[in-house]
Asks: 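Sharing a structure here in structure tokens format.
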Amino acid sequence: MILLTGASGFVGRHVLSNLVKKFNSSNIYVLINKNNSPCIDFQHENLKYIRVGIEFISEIDIKRYKIRTIIHLASKNRDFDNSGFYNINVKGTSNIIQLAYRLKVQNIIYLSSTGVYGHQEMFQVFEDYPKKPDSEFSKSKFMAESIIKNSNIRTLILRHRFIIGEGDKFVIPGFIGALSKLPISINNNKAICSFVGVDDLAKVIVYFCKEGLSYQHELHQEFHITNGEEIQLAELYVILSKKLKIKHKIYLNVSGKLLYNLLLLYEKILKINPETNNGLTSLRVKYLGFNNHISNENLLSVIPGLTFQKVDEIIEKNKNYYSKYC
């Protein structure tokens with residue numbers, strides 16, 4: 001039996017779709033908030049639902065559940081309501097661990113973020129890179145990872161940077177906005193970023209779920225999940241311009257470091273939260289102006305024949321979806 005949290009989210013929908021292809025759907029439990037309608041836009045008559053918010057999962061009656069693996073995707077990634085990230089990302093993960101103890105779960109797969117390294121210049125970074133979370137979101141993910149690593153349950157932590165594909169409402173749409181509305185380049189758009197297609201991400205998660213984590217030599221293991229491609233923003237903008245017919249005019253090139261410091265000062269003076277504010281923020285400058293390249297070599301070493309779609313292939317496959325953001 002498998003328990004999936006976050007099934008109604010961007011990644012969760014794709015993971016659920018892949019799960020029902022690999023497993024008998026009657027063996028899949030989907031955790032959904034009791035106030036939500038049954039499950040998302042992907043319905044299957046044999047799916048089992050646990051109707052409770054992740055903050056209150058300790059209240060469920062566990063006697064009838066025999067769950068072997070928990071895929072924990074539920075996460076608050078953007079703080080639109082200014083309520084913070086703690087209840088979902090930290091307390092929610094703690095509740096999942098306590099539930100796993102009660103159910104005697106064998107494996108937990110947790111989707112984290114490379115944000116735990118902080119928003120800094122990174123190139124070809126491996127999993128042992130120092131953790132320096134510097135935003136409320138990244139701190140909450142770091143705390144969640146710590147809770148998981150302090151358990152004695154076999155766990156796998158997957159860290160991603162930019163996830164793209166059908167259902168992406170923020171990454172490529174954000175770059176489309178920068179391409180079409182921002183009349184400047186930051187450090188000549190030479191920053192190298194890491195991406196992964198949501199389809200590939202889902203397949204990797206389901207692979208580990210199907211194969212189990214018994215290969216692990218350690219109780220807790222962590223991998224980066226990216227397509228490994230070294231793609232500059234300038235190259236990404238060319239792809240978007242060609243495939244989505246976006247016109248891009250650059251009138252000025254600016255220093256990323258200078259722009260970051262100016263925005264940071266502006267946000268501090270006006271007490272602006274860059275995690276909730278729209279438009280160009282200090283955090284977004286870090287994405288646009290500095291390398292954010294994450295190595296996937298360790299992941300490739302444990303999954304035979306693993307291949308990933310390149311960014312141009314993902315944009316081509318989903319250009320009808322992304323065209324609505326142009």
Asks: Just by distance, no angles: are the side chains of Asn298 and Glu127 close enough, under 3.5 Å, to form a donor-acceptor pair?
Replies: yes

Asks: State, with a plain yes or no, whether a side-chain heavy atom of Thr69 is found less than 4.5 Å away from one of Val105.
Replies: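 No. Closest side-chain heavy atoms not under 4.5 Å.
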
Asks: Apply the test salt bridge (Lys or Arg N to Asp or Glu O under 4.0 Å) to residues Lys286 and Glu121: give CA-CA distance (whole Å), side-chain angles for both, the deciding distance (0.1 Å), then the verdict.
Replies: CA-CA 8 Å; Lys286 284 292 188 77; Glu121 182 85 10; over 6 Å; no

Asks: Counting only heavy atoms not in Lys181 (residues, nucleotides, ligands), do more than 12 fall under 6.0 Å from its NZ?
Replies: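 No.
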
Asks: Can you list the residues that meet the ring pair (Phe, Tyr, Trp, His ring centres under 6.0 Å) rule with Phe85, with sequence neighbours excluded?
Replies: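 If we apply the ring pair (Phe, Tyr, Trp, His ring centres under 6.0 Å) test to Phe85, skipping adjacent residues, the hits are Phe137.
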
Asks: Name each donor-acceptor pair under 3.5 Å that joins a side chain in residues 165-176 to protein atoms two or more places apart or in another chain, with its distance.
Replies:
from: Asp168; atom 1: OD1; to: Phe170; atom 2: N; distance (Å): 3.0
from: Asp168; atom 1: OD1; to: Val171; atom 2: N; distance (Å): 2.8
from: Asp168; atom 1: OD2; to: Ile172; atom 2: N; distance (Å): 2.9
from: Asp168; atom 1: OD2; to: Tyr322; atom 2: OH; distance (Å): 2.7

Asks: What residue pairs, at least two apart or across chains, pass side chain to side chain donor-acceptor pair (under 3.5 Å) with a residue in residues 257-272?
Replies: Glu267-Ser282

Asks: Minimum heavy-atom separation for Leu288 to Ala191, with atom names?
Replies: O-CB, 3.7 Å

Asks: Partners of Lys48 by salt bridge (charged side-chain N to carboxylate O under 4.0 Å, His left out), sequence neighbours excluded?
Replies: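 Expected list: none.
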
Asks: Just checking, any donor-acceptor pair under 3.5 angstrom between side chains of His72 and Thr93?
Replies: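 Their side chains do contain a donor-acceptor pair, which is all the 3.5 Å distance test asks for.
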
Asks: With a cutoff of under 4.5 Å between side-chain heavy atoms, which Ile, Leu, Val, Met, Phe, Trp and Tyr residues group with Met122?
Replies: Val116, Tyr117, Val125, Tyr129, Phe142, Ile294

Asks: Is there a side-chain contact between His224 and Glu297 (heavy atoms, below 4.5 Å)?
Replies: no

Asks: Side-chain contact, heavy-atom cut-off 4.5 Å: Asp199 with Lys317?
Replies: yes

Asks: Is the closest side-chain donor-acceptor distance between Arg161 and Asn292 under 3.5 Å?
Replies: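 Indeed, the side chains of Arg161 and Asn292 share at least one donor-acceptor pair under 3.5 Å.
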
Asks: Just to verify, what does Phe126 make a ring pair (Phe, Tyr, Trp, His ring centres under 6.0 Å) with, not counting sequence neighbours?
Replies: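 In terms of ring pair (Phe, Tyr, Trp, His ring centres under 6.0 Å), with neighbours along the sequence ignored, Phe126 is linked to no residue.
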
Asks: Whether the Tyr29 and Lys66 side chains hold a donor-acceptor pair (N or O, under 3.5 Å, no angle test) is what I'd like checked.
Replies: no

Asks: Side chains of Ser140 and Lys76: is there a donor and an acceptor less than 3.5 Å apart?
Replies: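 Per modelled atom types, Ser140 and Lys76 side chains form no pair under 3.5 Å.
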
